[in-house]
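What follows is a set of notes on a single structure, which appears directly below.
Numbering of residues begins at 1 and proceeds along the displayed sequence. The model shown is predicted, which means the values in this text are computed figures rather than measured ones.
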Amino acid sequence: MYETGSREPDFETCEAIADIFNVDMDYLLGRSNVERKEPVAPAQSVPPGFSPMPDMDTVPLVGRIACGEPITAEENLEGYVSVPSAWRATFTLECEGDSMEPTIHDGDLVAIRKDVRIENGQIAAVRIGDEATLKHLYLHDDYIELRPENPTYASIIRRKEEMNDVSIEGKAVGLCRGL
């Protein structure tokens with residue numbers, strides 16, 4: 001049917017046929033005399049002692065989060081970053097401050113998975129009213145504790161009605177740091 005002109009292949013079909021016969025799409029469609037595709041360079045092998053890069057996902061970098069006193073939460077798309085797929089991250093945030101040191105430093109990117117199910121002690125991005133912070137989260141019957149790692153900072157405690165102003169934005173699932 002393709003040869004008689006009674007049917008036209010769609011783009012994906014043309015691409016598949018060109019790949020099978022190792023010909024250029026333009027040649028297949030009669031727009032070029034060049035028959036063969038350029039050979040694909042062999043993939044670089046991983047040097048001994050190193051592991052190959054994991055599968056990666058591209059997720060949005062949506063702003064900054066306090067690692068200190070909570071800062072006004074502004075979610076502005078600042079770009080996209082690649083993080084390992086295994087993290088199942090939803091977005092990333094740039095950390096500001098030193099309350100989570102030694103684990104998380106000022107300027108680190110933390111990958112967050114949008115999830116409200118956080119186990120006690122896990123690091124979470126938490127919104128308190130219009131402010132956001134990154135801390136270890138501890139949920140108790142009558143209060144919420146947001147605990148820093150740096151002992152020079154005090155925990156943030158919210159009791160009774162104050163607890164209603166706290167919302168969990170997600171769980172920290174990975175960390176990206178420059179050298």
query: With distance as the sole test, does Thr90 use its side chain to make a donor-acceptor pair with the main-chain N or O of Arg113 at under 3.5 Å?
result: no
side-chain contact (heavy atoms from CB on, under 4.5 Å) assessment of Val126 paired with Glu169: CA-CA 5 Å; Val126 179; Glu169 294 296 321; over 6 Å; no
field: Pairing residues for Arg88 by the salt bridge (charged side-chain N to carboxylate O under 4.0 Å, His left out) criterion, not counting sequence neighbours
entry: none
- prompt: Asp57: what forms a side-chain hydrogen bond (donor to acceptor under 3.5 Å, both in side chains) with it, not counting sequence neighbours?
  reply: Ser85
query: Cluster question for you: counting only ILVMFWY and a side-chain heavy-atom cut-off of under 4.5 Å, with indirect links fine, are Tyr138 and Ile104 together?
result: no
statement: Smallest heavy-atom separation, Leu93 atom then Ala125 atom, equals CD1-CB, 4.3 Å
field: Exercise: identify the closest heavy-atom pair between Leu134 and Ile112
entry: CD1-CD1, 4.2 Å
query: Sequence neighbours excluded, which residues qualify as side chain to side chain contact (heavy atoms under 4.5 Å, CB included) partners of Thr58?
result: Tyr80, Ser82
field: Taking every non-hydrogen atom, the tightest pair across Val110 and Ala172
entry: CG2-CB, 3.8 Å
- request: Hey, could you give me the CD1/NE2 distance between Ile118 and His136, rounded to the nearest 0.5 Å?
  value: 12.5 Å
statement: dist Arg127:CZ -> Asp165:CG (nearest 0.5 Å) comes out at 11.0 Å
- prompt: Measuring from Ile144:CD1 to Asn164:CG, what's the distance to the nearest 0.5 Å?
  reply: 8.5 Å
task: Only counting residues at least two apart or in another chain, list the ones meeting side chain to side chain contact (heavy atoms under 4.5 Å, CB included) with Asn150.
output: Asp98, Thr152, Tyr153
field: Taking every non-hydrogen atom, the tightest pair across Leu175 and Trp87
entry: N-CH2, 3.5 Å
task: Answer with yes or no whether the hydrophobic clustering places Leu146 together with Leu139; edges join I, L, V, M, F, W, Y residues whose side-chain heavy atoms lie under 4.5 Å apart.
output: yes
field: By side-chain hydrogen bond (donor to acceptor under 3.5 Å, both in side chains) - contacts of Asn120 (at least two apart)
entry: none
- request: List, by chain and number, the other hydrophobic cluster members for Ile157, where Ile, Leu, Val, Met, Phe, Trp and Tyr join if side-chain heavy atoms come within less than 4.5 Å, directly or indirectly.
  value: Tyr143
field: side chain to side chain contact (heavy atoms under 4.5 Å, CB included) against Arg158, all qualifying residues, sequence neighbours excluded
entry: Ile128, Ile156, Glu162, Met163, Val166
- request: Give the minimum heavy-atom separation between Cys95 and His105, together with the two atoms involved.
  value: CB-O, 3.8 Å
- request: Check whether any side-chain heavy atom of Arg64 sits under 4.5 Å from a side-chain heavy atom of Glu78, and report yes or no.
  value: yes
Partners passing side-chain hydrogen bond (donor to acceptor under 3.5 Å, both in side chains) against Ser51 (at least two apart in sequence or in another chain): none
query: Which value, rounded to the nearest 0.5 Å, describes the distance between Asp108 atom CG and Met100 atom CE?
result: 11.0 Å
Residue pairs, two or more places apart or on separate chains, that pass salt bridge (charged side-chain N to carboxylate O under 4.0 Å, His left out) and touch residues 138-156: Glu145-Arg147
task: Would you give the length of the straight line joining atom CD of Gln122 to atom CG of Leu137, rounded to the nearest 0.5 angstrom?
output: 8.5 Å
message: Ignoring hydrogens, what is the shortest heavy-atom contact between Val83 and Ala89? Give both atom names and the distance.
response: CG2-CB, 4.0 Å
field: Whether Thr92 side chain and Pro60 backbone form a donor-acceptor pair below 3.5 Å
entry: yes
